[in-house]
Every structure is written in structure tokens, then in C-alpha cells.
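Data block below; observations after.
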Amino acid sequence: MNITVLAVGSKMPRWVDEAVAEYAKRFGRDIRYTLKEIKPEKRGAGINAAQGMAAEEKRIIEALPEHAFIVALDERGEAPTSQQLAEHLRRWQQNGEHVCFIIGGADGMTAALKQRARLLMRLSSLTLPHGMVRVLLTEQLYRAVSILHNHPYHRE
């Protein structure tokens, strides 16, 4: 199964890259996990939030894997438990889906991009820094895989 994360932003602190890499290497052979950074649009000098999000949307669309099942991270999205995320993952895997998670920029993402998504999901009701979202999403995807494999990483 292929999982791609498209994350607007670059130049994350080293601890973010290290944590994402640590969880990503745990997936094993049956999951190919890729994180692609999308260049954020600079704000100011006549570029407002809507214009910035539109420019980022274009870059995101260009980076989307063909025929991917798109999951947009959004504060108004479904908030699955780890078990529910594992069930989503099981279904996607059974259907042979290439799943692509989108983490928007500082101002979020356009309504049009959210409408392209087949699922809106939130990781928390709290506002989280972008680097933390990358780490948390990768850890939760690893946790979901461990649940599906009956690995003792997840405890209830």
C-alpha cells in the first residue's frame, strides 16, 4: 500500500524530520510511506491569504498521486479513534487505494481542495503547529498499521 503525505511548509526543525523518519521506517515492507513538502506561498507584498492558498492549491494538485484516495486534514473533519483509523486503513488497503493525506498551509486550504477530498479528518480539536501535525499523523498511521498486525505497540 502507498501512503503519501503532502505537507505545505519547509524547513522544519530537525526533531520533526527525525521523528517522522523514525515512525516511517517502522512501517515495514507492505506500506510505502512518502512525505512530500509543498512550497508555501509567501505572504505580504500584495499576497493575501486567499491568493496564497490558491497558489498552494495549484502546487498540491500538481503533486497529487494519480487516482489517490484524498484525505484532507481539516479542523471540521471527522475525528477518528486509532481503531477507526486502522479500519479506514484496512479498507483502503483491501481496495488497493493509494492514500494521500494533505496538510494545508498556515492559512489552511481552499474550499475547492477540500471538496476534492473523499474524507476530511482532524487529528485534534487543538490547534497544532505544522511540524507536530506531521509527527502526529505519521505516528497514528504507524499505530493503525500496528493495530492491523496485532503488534503490541497499541494498547487499550
Side-chain angles (χ1 to χ4, degrees), residues 1-43 49 52-66 68-93 97-114 116-149 151 153-154:
M1 172 180 200
N2 292 310
I3 298 174
T4 299
V5 176
L6 300 179
V8 175
S10 57
K11 299 179 185 161
M12 290 291 120
R14 189 175 73 219
W15 66 267
V16 170
D17 295 332
E18 289 173 354
V20 168
E22 175 60 33
Y23 286 112
K25 77 178 183 184
R26 295 182 187 188
F27 282 113
R29 288 188 204 115
D30 55 336
I31 303 288
R32 268 189 269 136
Y33 177 90
T34 306
L35 182 128
K36 293 182 183 177
E37 291 186 336
I38 305 297
K39 181 182 172 212
E41 187 68 16
K42 291 182 181 177
R43 303 301 195 266
M53 288 189 302
E56 291 163 357
E57 174 190 33
K58 184 175 186 246
R59 292 182 192 119
I60 290 168
I61 290 170
E62 289 170 355
L64 283 172
E66 281 191 41
F69 186 105
I70 300 170
V71 180
L73 297 187
D74 182 75
E75 63 190 1
R76 288 169 286 288
E78 169 188 323
T81 64
S82 296
Q83 290 285 353
Q84 290 167 333
L85 181 57
E87 282 307 310
H88 280 307
L89 209 57
R90 179 190 319 275
R91 241 184 344 271
W92 296 327
Q93 198 165 23
E97 303 277 9
H98 182 153
V99 182
C100 181
F101 290 84
I102 301 172
I103 302 170
D107 294 310
M109 64 184 87
T110 64
L113 191 54
K114 291 179 198 176
R116 283 182 83 124
R118 292 174 57 192
L119 175 65
L120 292 180
M121 188 178 93
R122 77 172 179 264
L123 295 177
S124 173
S125 295
L126 300 171
T127 301
L128 302 170
H130 278 67
M132 188 67 72
V133 171
R134 292 180 187 195
V135 174
L136 185 57
L137 176 61
T138 309
E139 188 278 336
Q140 283 299 300
L141 290 169
Y142 168 70
R143 182 177 297 274
V145 169
S146 72
I147 289 169
L148 295 177
H149 290 113
H151 188 279
Y153 178 78
H154 179 76

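Position 1 is the first residue of the sequence; numbering continues from there.
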Can you list everything that forms a side-chain contact (heavy atoms from CB on, under 4.5 Å) with D17? Sequence neighbours excluded, please. M12
With sequence neighbours left out, what residues match A63 under side-chain contact (heavy atoms from CB on, under 4.5 Å)? L6, I38
Looking just at side-chain N and O atoms, do H88 and E97 make a donor-acceptor pair shorter than 3.5 Å? no
Just wondering, do V5 and T34 contact through their side chains at under 4.5 Å, heavy atoms? no
Who pairs with K36 by salt bridge (charged side-chain N to carboxylate O under 4.0 Å, His left out), at least two apart in sequence or on another chain? none
According to the side chain to side chain donor-acceptor pair (under 3.5 Å) rule, which pairs have a member within residues 127-137, sequence neighbours left out? E37-R134
Got a donor-acceptor contact below 3.5 angstrom from the R32 side chain to the N2 backbone? no
Under the salt bridge (charged side-chain N to carboxylate O under 4.0 Å, His left out) test, residues paired with R59 that sit two or more places apart: E41
Could you list the residues that satisfy side-chain hydrogen bond (donor to acceptor under 3.5 Å, both in side chains) with R118, not counting sequence neighbours? none
By side-chain contact (heavy atoms from CB on, under 4.5 Å) - contacts of E139 (at least two apart): Y23, R143, Y153
Identify, with sequence neighbours excluded, every residue that meets side-chain contact (heavy atoms from CB on, under 4.5 Å) alongside Q83. T81, I147, H154, E156
Listed by chain and number, what are the side-chain hydrogen bond (donor to acceptor under 3.5 Å, both in side chains) partners of S82, not counting sequence neighbours? Q140
Using 4.0 Å as the upper bound for N to carboxylate O, is an ion pair formed by D74 and K114? yes
I would like to know whether E62 and K58 meet salt bridge (Lys or Arg N to Asp or Glu O under 4.0 Å); could you show each step before the answer? CA-CA 6 Å; E62 289 170 355; K58 184 175 186 246; 3.6 Å; yes
Taking only residues two or more places apart in sequence, or in another chain, which ones meet E57 in a salt bridge (charged side-chain N to carboxylate O under 4.0 Å, His left out)? none
In chain order, what residues pass the side-chain hydrogen bond (donor to acceptor under 3.5 Å, both in side chains) check against K11, with sequence neighbours excluded? none
Checking R29 now: which residues fulfil side-chain hydrogen bond (donor to acceptor under 3.5 Å, both in side chains) with it, not counting sequence neighbours? none
Within the supplied structure, the quantity of interest is the number of heavy atoms (other residues, nucleotides, ligands) at a distance under 6.0 Å from M1 CE; does it exceed 12? yes
How are the rings of F69 and W92 set relative to one another: parallel (under 30°), tilted (30 to 60°) or perpendicular (over 60°)? tilted
